[in-house]
Amino acid sequence: MNKDQEEGFADFVRAASPRLLTSAWMLCGDPHVAEELVQESLARVYVHWRRVRADNPTAYARRVLVNLHTDRWRTRRREVLTDSVPNTDPSPGHQVALRLDLDLAQALQALPRRERECVVLRHYLDLSEKDTAATLGVSTGTVKSSTSRGLAALRAALTEGEPNHV
């Protein structure tokens, strides 16, 4: 790879990494695994950078990330999941935001894998139904139904225990 291509890839990494990292975290619920997924995704994008850079490198990286997450999920299906998120010591000003993030992360992890992927891609990454279907390799009907079921389950989980306001 020549120097211009290297610089282009470095610029891409700086621009795309934060969003990819957050997406990975929302998909897997573990910040360490998310970092590994992003790192591996970027390594794979680097290998194909000459071909990918002219098209849509962000979409390619996102597809690689989702595929890696799916592969990881398939190979580690037997691991035991817990109901609790590890405790962290946030600064006092971020307590409420962190609690909301953790509640959302827990609610997302309770969703089936396909529903979680659809909700994250559609509503966090703001992809269209068509782009989400292409990223996941499924039909747009599957995206629509999975997103609908996922959002209904999230709504129920996040409003559980709240008083009804009329």
Please round to the nearest 0.5 Å and tell me the distance separating atom [atom1] of [X] and atom [atom2] of [Y].
{"X": "T22", "Y": "Y124", "atom1": "OG1", "atom2": "OH", "answer": "4.0 Å"}
{"X": "R63", "Y": "D131", "atom1": "CZ", "atom2": "CG", "answer": "11.5 Å"}
{"X": "R62", "Y": "L125", "atom1": "CZ", "atom2": "CG", "answer": "6.0 Å"}
{"X": "Q109", "Y": "M26", "atom1": "CD", "atom2": "CE", "answer": "10.0 Å"}
{"X": "C118", "Y": "R113", "atom1": "SG", "atom2": "CZ", "answer": "9.5 Å"}
{"X": "L127", "Y": "R122", "atom1": "CG", "atom2": "CZ", "answer": "8.0 Å"}

Nearest heavy-atom neighbours spanning [X] and [Y]:
{"X": "A34", "Y": "W25", "result": "CB-N, 3.5 Å"}
{"X": "S23", "Y": "V120", "result": "O-CG1, 4.2 Å"}
{"X": "L111", "Y": "G150", "result": "CD2-O, 3.8 Å"}
{"X": "A107", "Y": "L154", "result": "CB-CD2, 3.4 Å"}

Counting only heavy atoms from other residues, nucleotides and ligands, does the tally under 6.0 Å from CD of E40 exceed 12?
yes
Could you check if a side-chain atom of [X] sits within less than 4.5 angstrom of a side-chain atom of [Y], using non-hydrogen atoms only?
{"X": "L121", "Y": "V66", "result": "yes"}
{"X": "R19", "Y": "T58", "result": "no"}
{"X": "L20", "Y": "S41", "result": "no"}
{"X": "R72", "Y": "E36", "result": "yes"}
{"X": "Y60", "Y": "D55", "result": "no"}
{"X": "R44", "Y": "L68", "result": "yes"}

Begin from the C-alpha positions of R114 and E117 and carry the test salt bridge (charged side-chain N to carboxylate O under 4.0 Å, His left out) through to its verdict.
CA-CA 5 Å; R114 176 69 69 212; E117 290 172 344; 3.2 Å; yes
Working note: T142 + S139, criterion side-chain hydrogen bond (donor to acceptor under 3.5 Å, both in side chains); need CA distance, chi angles, decisive distance, verdict.
CA-CA 5 Å; T142 299; S139 70; 3.0 Å; yes
Has the side chain of H69 got a donor or acceptor atom that lies under 3.5 Å from a matching backbone atom of L37?
no
Keeping E35 on the side-chain end and H32 on the backbone end, is there a donor-acceptor pair under 3.5 Å?
no
Step-by-step side-chain hydrogen bond (donor to acceptor under 3.5 Å, both in side chains) determination, Q5 to Y46:
CA-CA 10 Å; Q5 290 172 340; Y46 179 80; over 6 Å; no
Charged tip of R50 within 45° of F9 ring normal and under 6.0 Å:
no
Give me the ring orientation class for F12 and W49: parallel if the planes are under 30° apart, tilted from 30 to 60°, perpendicular past 60°.
tilted
Please check if L158 and V119 belong to a single hydrophobic cluster, counting links between Ile, Leu, Val, Met, Phe, Trp and Tyr side chain heavy atoms closer than 4.5 Å.
yes
Go through the steps for L151 and E115 under the test side chain to side chain contact (heavy atoms under 4.5 Å, CB included), then give the verdict.
CA-CA 8 Å; L151 288 175; E115 291 176 15; over 6 Å; no
